[in-house]
Amino acid sequence: MSVVVRFAPSPTGVLHIGSVRTALFNWLFARHNGGKFLLRIEDTDKLRSTEENARSILEILNWLRLDWDGDPVIQSSRIDRHKEVAHDLVKSGKAFFCTCSPEDLNAKKEAAIKSGKPYKYDGKCRDRSGNKPGNAVIRLRAEMVGTSTLDDLVQGRVTIENSQLDDLVLLRSDGTPTYMLSVVVDDHDMGITHVIRGDDHLTNTFRQMQIYEACDWGVPRFGHIPLIYGPDGAKLSKRHGAASAQDYIQLGYLPEAIFNYLLRLGWSHGDSEIISREEAIEWFDIGGVGKSPARFDMAKLQNLNAHYLKLKDDQSLFDCMLPFLEDGLTSEQRQNILRGMKSLKERARTLVELADSSKIYFEAPTKFDEDCGRYATEKHLSLLKDFSDIVRNSAELKESSLLEATKALATEKDVKLVEIAQAVRGALCGRLASPSIFEIIEIIGREETLLRIRNFSNRIEKS
RNA sequence: GUCUCCUUCGUCUAGGGGUCUAGGACACCGCCCUUUCACGGCGGCAACACGGGUUCAAAUCCCGUAGGAGAUGCCA
């Protein structure tokens, strides 16, 4: 059986992270089954769609390495075809012209709601015949009796009464096709075998199935995956966890982490947590996707990201981090960051954190965390002087020899090593958390070390 | 309102009648390692929404209830 799936975003805004997951599941389904993963840009809402958005969607798919087959289909280029199908349906009696005005319909709807009755189109124009009246819409002549059943790949068997459905609009009064018509026609023409999409489309699927049947086309299989919610169970938004894929890039997440996290959200393979893309392709099964909606957990994403950060080699991690660093770094500064990368990446959860922590290798601290004040005493001032002497007099600045010398100093002065180390750390980094101070000294060198300690000491003396 | 779907630790989940005194991961807490912070190691806290059935046996099957979500557009 050959499998053809598609991802069909509309470029009306930024790509939501939930849509990214839909794309991921489609891609995995295609790759697992050796099928095709097609792309369709649903840009029929000309008012809200932009080229810019469309471009950024492709960028994000590329970023995640979700490669698609063939050229993207641009839905707006297919409008004539959609219209043709609608008119064919009128000819074959499966659809009809309707001249009810939106105002009339609205009035009927409000009346129905007011009287507590379920509303649906009353079929007033069903028996109209002849040519298209001026500003008529085309409605599907929907099946009203019996039931319809959908064997959903994710949701299982779902059945509804056809009486719930009504004669949906296929072509608007201005002659443009509706979403319902366009998806069906495009999915059919593109040879889509499996439609995997958000479960907000679940009930619409029954309407779409009727269009397939009216056209006498085979109905594809459907899989409706649950939406993703924010940490508080509400919709994912900027306020509660980022909402768009672009946000996560800016927050400093790696594509590997997003890939893994999104896959694990609502899907699992036993106890596996860290899943490579190869394993994902091998293991993915659409039936294994959970039916219940999942909440987005930033902490878990961060943990995964930290994991993938550590996995990356120093050079490529540096390249990933580059956009988060300020421009104009000298090649020496870059070299220093690279040398310190091994220890830096153990401490960072995101590229933003990594870039921030790497500052110690190209600029002296300009501000100091409050808790550095603990080491701003007479005693520490004197220790910093002694430590400076060690740095000044060491033949070469090696981590091991510096450590020995500092230990000796601690013994001599009868203080704990930590007292010296933390004072030095504060002076070098402006904060009390960093890689080994001796490693930092080895990288930034004698002059810079002495300078930073002097600056810090001056500060203490002033206050 | 009507229809549809969902409900296992705080979160993501394993589980598909007996192996469940319910497993893993993240988060949290404690201990160890340690010049700090991390990393790593060890340990701890913590869940089957509720009520009825069916069955020798139910987290697992059925029916209700409650709560949540989605659909009900000449948006996509």
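Each chain gets a letter, A, B and so on, in the order its sequence line appears, and its residues count up from 1. Since this is a predicted model, take the numbers as computed values, not measurements.
- Separation of the P atoms belonging to A46(B) and G53(B) is 30 Å when rounded to the nearest angstrom.
- With hydrogens and angles ignored, no donor-acceptor pair closer than 3.5 Å exists between the side chain of Arg431(A) and the base of U36(B).
- Rounded to a whole angstrom, the distance from the C1' atom of U60(B) to that of G41(B) is 36 Å.
- In this structure, the CD1 atom of Ile360(A) is 12 Å from the C1' atom of U36(B), given to the nearest Å.
- With sequence neighbours left out, Phe368(A) forms a ring pair (Phe, Tyr, Trp, His ring centres under 6.0 Å) with Phe456(A).
- Using a 4.0 Å heavy-atom distance criterion, Pro435(A) is classed as a base contact.
- Shown here, G16(B) forms no base pair; nothing in the strands shown gives a Watson-Crick or G-U wobble contact with both key distances under 3.5 Å.
- For Arg48(A), the listed nucleotide lying nearest its side chain is C75(B); candidates were C26(B), U72(B), C75(B).
- If you take atom P in U8(B) and the same atom in A14(B), they sit 10 Å apart, rounded to whole Å.
- Pairing partner, A38(B): none, since no Watson-Crick or wobble contact has both distances short of 3.5 Å.
- Here the separation of G10(B) from C33(B), taken at their C1' atoms, is 29 Å to the nearest Å.
- Among the heavy atoms of the strands lying under 4.0 Å from Asn204(A) is at least one base atom, whether or not backbone atoms are also near.
- Spacing between C6(B) and C48(B) at atom C1', rounded to whole Å, works out to 15 Å.
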Between the protein and nucleotides 4-14 of chain B, list the N/O to N/O atom pairs that are separated by less than 3.5 angstrom.
from, atom 1, to, atom 2, distance (Å)
C5(B), O2', Gln155(A), OE1, 3.1
C6(B), OP1, Lys291(A), NZ, 2.8
C12(B), OP1, Arg295(A), N, 3.0
C12(B), O2', Arg264(A), O, 3.1
C12(B), O2, Lys300(A), NZ, 3.4
U13(B), OP1, Gly266(A), N, 2.5
U13(B), O3', Ser268(A), OG, 3.2
A14(B), OP1, Ser268(A), OG, 3.3

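- Residue Lys120(A) is classed as having no contact, given no heavy-atom separation below 4.0 Å to the nucleic acid.
- Under the 3.5 Å distance criterion, the side-chain polar atoms of Tyr253(A) are left unmatched by any main-chain donor or acceptor of Ala245(A).
- Both Glu399(A) and Ala299(A) lie close to RNA chain B; mapped to their nearest nucleotides by heavy-atom distance, the more 5′-ward contact belongs to Ala299(A).
- When each of Gln422(A) and Asp174(A) is assigned the nucleotide of RNA chain B bearing its nearest heavy atom, the one mapping closer to the 5' terminus is Gln422(A).
- Rounded to whole Å, the P atom of C5(B) lies 14 Å from the corresponding atom of U65(B).
- Across all strands shown, Arg207(A) has heavy atoms under 4.0 Å from sugar-phosphate atoms exclusively, and none from any base.
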### Task
Could you walk me through whether Thr12(A) and Asp45(A) pass side-chain hydrogen bond (donor to acceptor under 3.5 Å, both in side chains), step by step?
CA-CA 8 Å; Thr12(A) 51; Asp45(A) 186 342; over 6 Å; no
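- Here Glu439(A) does not pair with Lys342(A) in a salt bridge; the nearest charged N to carboxylate O distance is not below 4.0 Å.
- Taking atom CD of residue Gln208(A) and atom C1' of nucleotide G70(B), one finds them 15 Å apart after rounding to whole Å.
- In a base pair of the Watson-Crick type (N1 to N3 plus N6-O4 or O6-N4) or a G-U wobble (N1-O2 and O6-N3), with each distance short of 3.5 Å, G64(B) is matched with C50(B).
- Among the atoms of the strands shown, none is found under 4.0 Å from any heavy atom of His224(A).
- Taking atom CG of residue Asn305(A) and atom P of nucleotide C39(B), one finds them 14 Å apart after rounding to whole Å.
- Rounded to an integer number of Å, the gap from CZ of Arg197(A) to P of G70(B) is 17 Å.
- Going from atom CZ of Phe438(A) over to atom C1' of U36(B) covers 11 Å, rounded to whole Å.
- Remark: C1' of C74(B) and CD1 of Ile138(A) are 12 Å apart, rounded to the nearest angstrom.
- Checked against Cys98(A) for a side chain to side chain contact (heavy atoms under 4.5 Å, CB included), the options Ile138(A), Asp167(A), Val137(A) give a single hit: Val137(A).
- Between the CD atom of Glu346(A) and the C1' atom of U34(B) there is a distance of 13 Å, given to the nearest Å.
- Contact between the side-chain N/O atoms of Asn303(A) and the OP1/OP2 oxygens of A25(B) is not found at any separation under 4.0 Å.
- Pairing for C28(B) goes to G44(B), judged as Watson-Crick or G-U wobble with the two contacts each under 3.5 Å.
- For the P atom pair drawn from C62(B) and A27(B), the interatomic distance equals 37 Å after rounding to whole Å.
- Rounded to a whole angstrom, the distance from the C1' atom of G24(B) to that of C45(B) is 16 Å.
- The residue Cys429(A) sits apart from the nucleic acid: no heavy atom pair falls under 4.0 Å.
- Taking only side-chain atoms of Asp45(A), from C-beta outward, the nucleotide of A76(B), A69(B), C3(B) with the closest atom is A76(B).
- The closest side-chain donor-acceptor pair between Glu279(A) and Ser272(A), if any, does not fall under 3.5 angstrom.
- Ring geometry for Phe96(A) versus Tyr121(A): interplanar angle under 30°, hence parallel rather than tilted (30 to 60°).
- Proximity note for Gln164(A) (side chain, C-beta onward) versus C3(B), A27(B), U72(B): the nearest is C3(B).
- When both distances must be under 3.5 Å, the Watson-Crick or G-U wobble mate of U2(B) is A71(B).
- The main-chain N or O of Trp267(A) is found under 3.5 Å from a side-chain atom of Arg264(A) such that the two form a donor-acceptor pair.
- Across the protein-nucleic acid pair, Leu227(A) atom CG and G68(B) atom C1' stand 13 Å apart, rounded to whole Å.
- Proximity of a side-chain donor or acceptor of Ser394(A) to a complementary backbone N or O of Ile390(A) within less than 3.5 Å is detected.
- Atom NZ of Lys416(A) is surrounded by 12 or fewer heavy atoms from other residues, nucleotides or ligands within 6.0 Å.
- Nearest to the side-chain atoms of Arg425(A) among the listed nucleotides C26(B), U36(B), A76(B) stands U36(B).
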